[in-house]
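Lettering follows sequence order; numbering is per chain, from 1. Predicted model only: the values in this text are computed from it and were never measured. Atoms considered below: every heavy atom in the structure, side chains included; atoms not considered: hydrogens, waters and symmetry mates.
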There are 2 protein chains.
Amino acid sequence: MSKLSRAVRDPVVEPPDRREQILDAATRLFAEHGFTDAATQGLADDLGVGKGTLYRYFPSKRELFLAAVDRVMRRLHERLEQATAGVEDPLERVSLGARAYLDFFREHPESVELLIQERAQFKDRERPTYFEHRERHVDRWREHYRKMIASGRMRDVPVERISDVFTAALYGSVFLHYFGGRSETFAADATDILDVLFHGVLSDSERVKRTSADGPGGT
Amino acid sequence: MSKLSRAVRDPVVEPPDRREQILDAATRLFAEHGFTDAATQGLADDLGVGKGTLYRYFPSKRELFLAAVDRVMRRLHERLEQATAGVEDPLERVSLGARAYLDFFREHPESVELLIQERAQFKDRERPTYFEHRERHVDRWREHYRKMIASGRMRDVPVERISDVFTAALYGSVFLHYFGGRSETFAADATDILDVLFHGVLSDSERVKRTSADGPGGT
DNA sequence: GCGGGCGGACTGACTGGTCAGTCCGTTTGC
DNA sequence: GCAAACGGACTGACCAGTCAGTCCGCCCGC
C-alpha cells in the first residue's frame, strides 16, 4: 500500500527529474566557477550522487554544459512569448519584449554567465546557442517594425538595421550591467533604453506624441 | 663608443622588445585558442624561445594574459584619442569616437576575444579591465553630452543614461558582430547605429536638420 | 505469498593525459 | 671568464571520463 502510493507519487526518482536536477546544479556551478574550473566531481558532490551518474545522463561535460545553455535560451524565449501574449499593438509588443528581455537576465544572472562561458570555451561552434535561438525569432520582430513603418509610426529605415540596433543595445546593456557590478547605476531599465531607441526609430509624428524636445541647435 | 651608444639605443635585445614580442604572440594565441587551451609551451614554440624565458618576463600565465588585455585597452583609448584629436564640435567628436571604436574592434577582432576570455576566466577580478579603462574616460564623453544639452542640441536627458545607452549599443554591436560571424549583415556600421541613437538624443531642432521623418501614427 | 534471481541505476576508485611552473645546465655578449 | 639570459626536460597537481562492482526493486516460479 505505502509501496504502491509511493510508486505513483515518487517512483524512485524518475529519470526526467534527475536530468533536470543535474541541469539545475550544473547551471549554478558553471555560472559560479566557469566551465573549466567547474569540476564534474564537484557537481556530483553538490547533487549527492556519484560522478558516474552524471555520465548516465550526459555523454560528456561539454554536452552537459551545452544542454544547460540551450535550456536557458529556450526559457528566455518562452518568457518573451508570455510577456507579449495577447498584445496586438506592435509598439506595445516591442516595449514589453524589451522589458521582459532585460528582466529575464536580471532575474537570472547565471544565464548571462553561461552565454559568456559558451563563447569563451566553445569557439569551434559554428554559431553560438544565442544566435541559433535569435535567428528563429528575429523575423517576427522585424514584422512588427515593418507594420509600424507601413502605418507611418516609424521612420522608413531598413528593418534589419532597426532590429540589429535594438538587439545590440539590449544585449550590450545586459552584459555591461552584469559585468559592471554596480548594478544600480547602469541603465538596465528598459524605459531608459527604449526612450533613446524609440526616438531614433519613430516617425516625427509618432515622436512628438511622446516627447517634448527642446531648444535649437546647429552643426 | 659603439658600446656606449648601443647601451643607450639598443641594450642587448632590450627587454621591452622581447616583452612586446611575447605580448604580440600571446594576444594572437589567446585569441585563437582561448585562455585555457592556449598552452604556454605553444606560445614558447611560436616565439622560438624556451618556456622558461616567458617566465622571466611574466610571473604567471595569468599575469601575461592580463598584461595583454591591458595593452589592448590602452590601444583602444589611444585610438579614440587620435580619432577625435583637434575636433572641437562635440557632436562631431562623438560620431568620430563611435566610428573609431567600431573600427578598432573590426580591425582587431582578437581584442574582442580577449575581453571575452578575461570575463570568462577571471571572474574573481573586482572589475574587468574594460571597465577600469572605461571609467577613466567616460567623464569626458559625458562632458560633451552636457555641452550639447546646454546648447540645446540634445534633449535634456540625464547624461549618464545617454552614455550608458551609447556604450551598450556600441559594445553590443561589437560583440554581436564578432560572434555572429556573418560580418556583412550585422549593423556594424557606425552610421547606422548613430542614426538610430542620435534621433533619440538630439533635440527636435537639431534632428530636423539631418532627417526627413514621415507619416503619422498613434498609440 | 514467498524466496531467488534478474535488470539496471548508481557508485567512486582509478587511469591516462595534460600543463603550469621550476630549475639547472648551457649559451651569449661583453 | 663571468654574469645574465635562455632552453627545455622534468614534476606535481589536477581532472575528465571509465568500469567493475554494489544495491535495490520487481517479477516469476513454486
Side-chain angles (χ1 to χ4, degrees), chain A residues 1-23 25-26 29-30 32-68 117-118 120-122 124, chain B residues 1-23 25-26 29-30 32-68 117-118 120-122 124:
Chain A
M1 197 60 86
S2 81
K3 200 161 75 171
L4 184 64
S5 68
R6 195 175 178 286
V8 171
R9 286 209 320 271
D10 185 22
V12 183
V13 152
E14 61 255 59
D17 264 13
R18 184 47 72 86
R19 212 186 122 93
E20 288 296 301
Q21 281 169 13
I22 294 175
L23 283 175
L29 198 72
F30 284 135
E32 186 179 344
H33 299 292
F35 179 78
T36 312
D37 293 343
T40 52
Q41 185 59 62
L43 178 56
D45 294 349
D46 282 2
L47 284 160
V49 304
K51 193 151 66 121
T53 303
L54 304 180
Y55 284 89
R56 291 187 41 73
Y57 291 88
F58 299 93
S60 67
K61 187 186 182 184
R62 179 192 165 102
E63 291 305 319
L64 167 55
F65 175 83
L66 292 176
Q117 290 292 327
E118 186 197 3
Q121 307 291 342
F122 303 112
D124 48 317
Chain B
M1 195 62 83
S2 81
K3 197 162 74 172
L4 183 64
S5 67
R6 194 172 182 290
V8 170
R9 287 208 320 269
D10 183 25
V12 182
V13 153
E14 63 256 57
D17 262 11
R18 182 49 72 87
R19 215 186 119 93
E20 288 297 301
Q21 281 168 14
I22 293 175
L23 283 175
L29 200 71
F30 284 135
E32 186 179 344
H33 300 293
F35 179 79
T36 312
D37 293 343
T40 52
Q41 185 59 63
L43 179 57
D45 293 349
D46 281 3
L47 284 160
V49 304
K51 198 151 64 123
T53 303
L54 304 180
Y55 284 88
R56 291 187 42 73
Y57 290 88
F58 298 94
S60 67
K61 188 186 182 185
R62 179 191 165 102
E63 292 304 319
L64 167 56
F65 175 83
L66 292 176
Q117 290 292 328
E118 186 197 3
Q121 308 290 340
F122 303 111
D124 48 316

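- Shown here are the ring-ring contact (aromatic ring centres under 6.0 Å, His included) partners of A:Tyr55, two or more places apart in sequence or in another chain: there are none.
- Between B:Phe35 and B:Phe122, the ring planes lie perpendicular to each other; the angle is over 60°, past the 30° to 60° tilted range.
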Between side-chain atoms of residues 38-48 of chain B and protein atoms elsewhere (two or more places apart, or another chain), which donor-acceptor pairs fall under 3.5 Å?
residue	atom	partner	partner atom	Å
B:Gln41	NE2	B:Asp45	OD1	3.0

Filtered N/O pairs between nucleotides 20-22 of chain D and protein, under 3.5 Å:
none

statement: Scoring nucleotides 7-17 of chain D by protein non-hydrogen atoms under 4.0 Å (B base, S sugar-phosphate only, - none) yields SB-------BB
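- How far CG of B:Leu54 is from NZ of B:Lys61: 11.5 Å, rounded to the nearest 0.5 Å.
- Considering only residues two or more places apart in sequence or on other chains, A:Arg62 meets the salt bridge (charged side-chain N to carboxylate O under 4.0 Å, His left out) condition with A:Asp124.
- The phosphate of D:dC6 (OP1 or OP2) has a side-chain N or O of B:Tyr57 nearer than 4.0 angstrom.
- With sequence neighbours left out, the ring-ring contact (aromatic ring centres under 6.0 Å, His included) criterion links B:Phe58 to no other residue.
- A straight line from CZ of B:Arg56 to P of D:dA3 spans 16 Å, rounded to a whole angstrom.
- Rounded to a whole Å, the CG atom of B:Asp45 is 12 Å from the P atom of C:dC19.
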task: Using the side chain to side chain contact (heavy atoms under 4.5 Å, CB included) rule, take A:Gln121 and B:Gln121 through it: C-alpha gap first, then chi angles, then the decisive distance, then the call.
output: CA-CA 10 Å; A:Gln121 307 291 342; B:Gln121 308 290 340; 2.8 Å; yes
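- In this structure, CG on A:Leu23 lies 9.5 Å from CZ on A:Phe30, to the nearest 0.5 angstrom.
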